[in-house]
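Working notes, structure below.
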2 protein chains.
Amino acid sequence: MRLIEAIPATTWSATVPTSELLPLVLSKRDRLDPEDHAALSALPVRTERYEHGATIIPQGPAPNESCLVVAGMSLRTQQLGQSRTIVSAIHIPGDFVDLHAFLLDELDHSVVAQGRCEVQFIHSDALREVTRTRPHLTRLLWMSTLIDAKIHRAWLAASVGLRATERIGHLLSELFVRYQLIGAVRDGTFRMPLEQKDLESLLGYSKTHVNRSVQELRARGLIDWERNTVTVHQPDTLADLSKFDPKYLELRSAAR
Amino acid sequence: MRLIEAIPATTWSATVPTSELLPLVLSKRDRLDPEDHAALSALPVRTERYEHGATIIPQGPAPNESCLVVAGMSLRTQQLGQSRTIVSAIHIPGDFVDLHAFLLDELDHSVVAQGRCEVQFIHSDALREVTRTRPHLTRLLWMSTLIDAKIHRAWLAASVGLRATERIGHLLSELFVRYQLIGAVRDGTFRMPLEQKDLESLLGYSKTHVNRSVQELRARGLIDWERNTVTVHQPDTLADLSKFDPKYLELRSAAR
DNA sequence: CGATAAGTTGATTCGCATCAACTATTGTGG
DNA sequence: CCACAATAGTTGATGCGAATCAACTTATCG
């Protein structure tokens, strides 16, 4: 087992009861009135744990459940041709993994556990019922998928327009912000189930080149990164270098 | 004016009355019952035309309208730092341009006309009313944004995993399929408001390299492309070479 | 404490950018 | 209508960013 120890500190399950996780997540986007809150708490959920590399959702016909990361990390991976695998999204605690599954027939990607990972499943019927009766919640759920798309666009822009060093800086800036939002950064440091080698499938660079680029960021005093621990010494400088817009994950809804 | 003549043949406004466009577009996703159909037809819309390069939607605070391309083409463009502009989406007739705008406060991109372009605006209040009263329509609208995200993921994968020639093949395969879906391909040929030079901001390659890659595709007998006219001689071979999954935009499905 | 995997360094090759010239096409005004 | 201007497309030469192959060091785990 060369995993990071157990499920990382970045877990909510310790502090938040199962039924309160979803309302908590959505309340970060917009105020929930008591009825909405109750509707969410009442959703039946099933919690599962996965070992590193396990497939949480397979590519192909969409499952009749959607899920949410409770602890750890999962990756959305797409096949490109036969041989190549590309990561198209990273999910950390509080992120919906495949909310879109309940509206699509077929998923173009798999979801796999990166390190140990705990997720909460919600049946599509229950979600459909929410969309039938609770318009405001529907809009908030919809918004979650829009934020997903927003991140996709940012990755796409980074992929087209940045070179290795900047691009790694961009990814680390994003993870820094996202881990900050769930309270998992202390003194500029966070732990996550990614190592340098993982950037090979994430960004498409060889491990050799990833390493040289990471060294450059280190040499400039912007970051440290050993194994699963990342420290961002100068978030602003790093964001600037990487053309990362720190506001791009501001999450509040326009839909009341 | 070095535009493609007037609004291209790829227009629906000639054959479909304004109020019927939106129901027509959504009915491609799933059956509409008469009430849903009526609700859509009743939406007040405003039609506008833009010249090449005109900004249809500016980056920044989200507008209180969303829009749909009726004729021509529009591009979603993002700023990366000060200088670089990246295209993150292409919209052709029948595509929603910024349906997500009505749920987000702030747009991370602009939308500009590529060639002459006709769009239909729908006020956010009207959309919000639809989401309040018509759950099935809401799911279909939501699904439009999910397909958008699906295309983003395909672009991202292509951008990370393919080289210039394949990547251009990928884009042309996608456009071929999308234009086919709106009935704008005849004998493998379609016209569009993009030229080779436009791939510079679309894919991030220099025009020199774009040209050499296009020539390679031509030399292999896969395509022809002069100015605004593209012919795909062997869609299957091209898709295969480009690792393009031709199924990825098939839209119809079961219960929504 | 040995085995395995992550990280590091160097040498070579290749894809693509860049700069520069040139041709072909389209559009414009006299 | 023709001559010219402007833009799209084409070709060549050179340099840099990143892949690849290979060897090696360091950390981790059983």
Side-chain angles (χ1 to χ4, degrees), chain A residues 1-6 51-53 80 83-84 86 114-116 158-172 191-219 223-230 241-242, chain B residues 1-6 51-53 80 83-84 86 114-116 158-170 172 191-219 223-231 241-242:
Chain A
M1 275 301 142
R2 47 143 227 61
L3 300 180
I4 76 171
E5 80 286 351
E51 294 297 314
H52 175 78
L80 192 64
S83 46
R84 192 103 192 239
I86 312 283
Q114 175 69 26
R116 276 190 196 152
S159 159
V160 170
L162 303 181
R163 318 222 217 82
T165 309
E166 302 166 311
R167 202 141 151 243
I168 292 171
H170 195 275
L171 179 66
L172 292 178
R191 291 177 58 78
M192 62 170 181
L194 291 173
E195 298 165 328
Q196 286 184 37
K197 74 161 194 324
D198 297 309
L199 296 202
E200 218 171 329
S201 62
L202 263 158
L203 304 184
Y205 295 117
S206 67
K207 66 178 178 184
T208 307
H209 203 63
V210 166
N211 181 255
R212 288 196 234 267
S213 306
V214 168
Q215 284 182 61
E216 195 189 324
L217 292 173
R218 261 203 294 253
I223 65 157
D224 274 307
W225 183 0
E226 33 181 293
R227 236 32 193 300
N228 296 297
T229 305
V230 175
L241 164 86
S242 318
Chain B
M1 277 298 141
R2 52 143 218 62
L3 301 180
I4 77 170
E5 80 286 351
E51 293 297 315
H52 175 77
L80 191 64
S83 46
R84 192 103 192 241
I86 312 282
Q114 175 68 26
R116 277 189 196 154
S159 159
V160 170
L162 303 180
R163 320 220 217 85
T165 308
E166 303 167 310
R167 197 134 160 249
I168 292 171
H170 195 277
L172 292 179
R191 291 177 59 78
M192 62 171 180
L194 291 174
E195 298 164 327
Q196 287 184 35
K197 73 160 196 322
D198 297 309
L199 296 202
E200 218 171 328
S201 63
L202 263 158
L203 304 184
Y205 295 116
S206 67
K207 66 179 179 184
T208 307
H209 204 63
V210 166
N211 181 254
R212 290 196 233 267
S213 305
V214 168
Q215 284 182 61
E216 196 189 324
L217 292 174
R218 264 203 293 251
I223 65 155
D224 275 308
W225 183 359
E226 33 181 294
R227 237 33 192 300
N228 296 299
T229 305
V230 175
T231 304
L241 165 87
S242 316

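Note that the structure is a prediction, hence the values are computed from the model and not measured. Just the heavy atoms: all of them, side chains too, but no hydrogens, waters or symmetry mates, feed the values below.
- Computed from coordinates, the Leu203(A) CG to dG17(D) C1' distance equals 15 Å when rounded to whole Å.
- Here dT7(D) presents its C1' atom at 9 Å from NZ of Lys207(B), a figure rounded to the nearest Å.
- Atom P of nucleotide dT25(D) and atom CD of Gln196(A) are separated by 19 Å, given to the nearest angstrom.
- For the residue pair Gly204(A) and Val160(B), the shortest heavy atom distance occurs at CA-CG1, 3.7 Å.
- As rounded to whole Å, 18 Å separates atom P of dA27(D) from atom CH2 of Trp225(A).
- Looking at heavy atoms from C-beta onward, Val210(B) lies out of side-chain contact with Glu200(B) at the 4.5 angstrom threshold.
- In this structure, the side chains of Ile168(A) and Leu217(A) come closer than 4.5 Å at one or more pairs of heavy atoms.
- Heavy atoms of other residues, nucleotides or ligands lying less than 6.0 angstrom from CD of Glu226(A) number 12 at most.
- Listed pair Gln215(B) / dT11(D) meets the phosphate criterion, a side-chain N or O lying under 4.0 Å from OP1 or OP2.
- The shortest distance between side-chain heavy atoms of Leu172(B) and Met192(B) falls below 4.5 Å.
- For Val210(B) and Arg218(A), each mapped to the nucleotide of DNA chain C holding its nearest heavy atom, the one lying further toward the 5' end belongs to Arg218(A).
- Contacts of Glu226(A) with the nucleic acid, taken as non-hydrogen atoms under 4.0 Å apart, are absent.
- Taking 4.5 Å as the limit, every side-chain heavy atom of Arg116(A) sits out of range of all side-chain heavy atoms of His52(A).
- In this structure, Lys197(A) places its NZ atom 17 Å from P of dA27(D), rounding to the nearest Å.
- Residue Gln215(B) qualifies as enclosed at atom CD: its count of foreign heavy atoms under 6.0 Å is above 12.
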Protein proximity profile, nucleotides 11-16 of chain C - base contact B, sugar-phosphate-only contact S, no contact -, cut-off 4.0 Å on heavy atoms: B----B
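- In this structure, CD of Glu195(A) is placed 12 Å from P of dA5(C), rounded to the nearest angstrom.
- Going from atom CG of Leu199(B) over to atom P of dA17(C) covers 12 Å, rounded to whole Å.
- Put simply, CD1 on Ile223(A) is 12 Å from P on dG7(C), counting in whole angstrom units.
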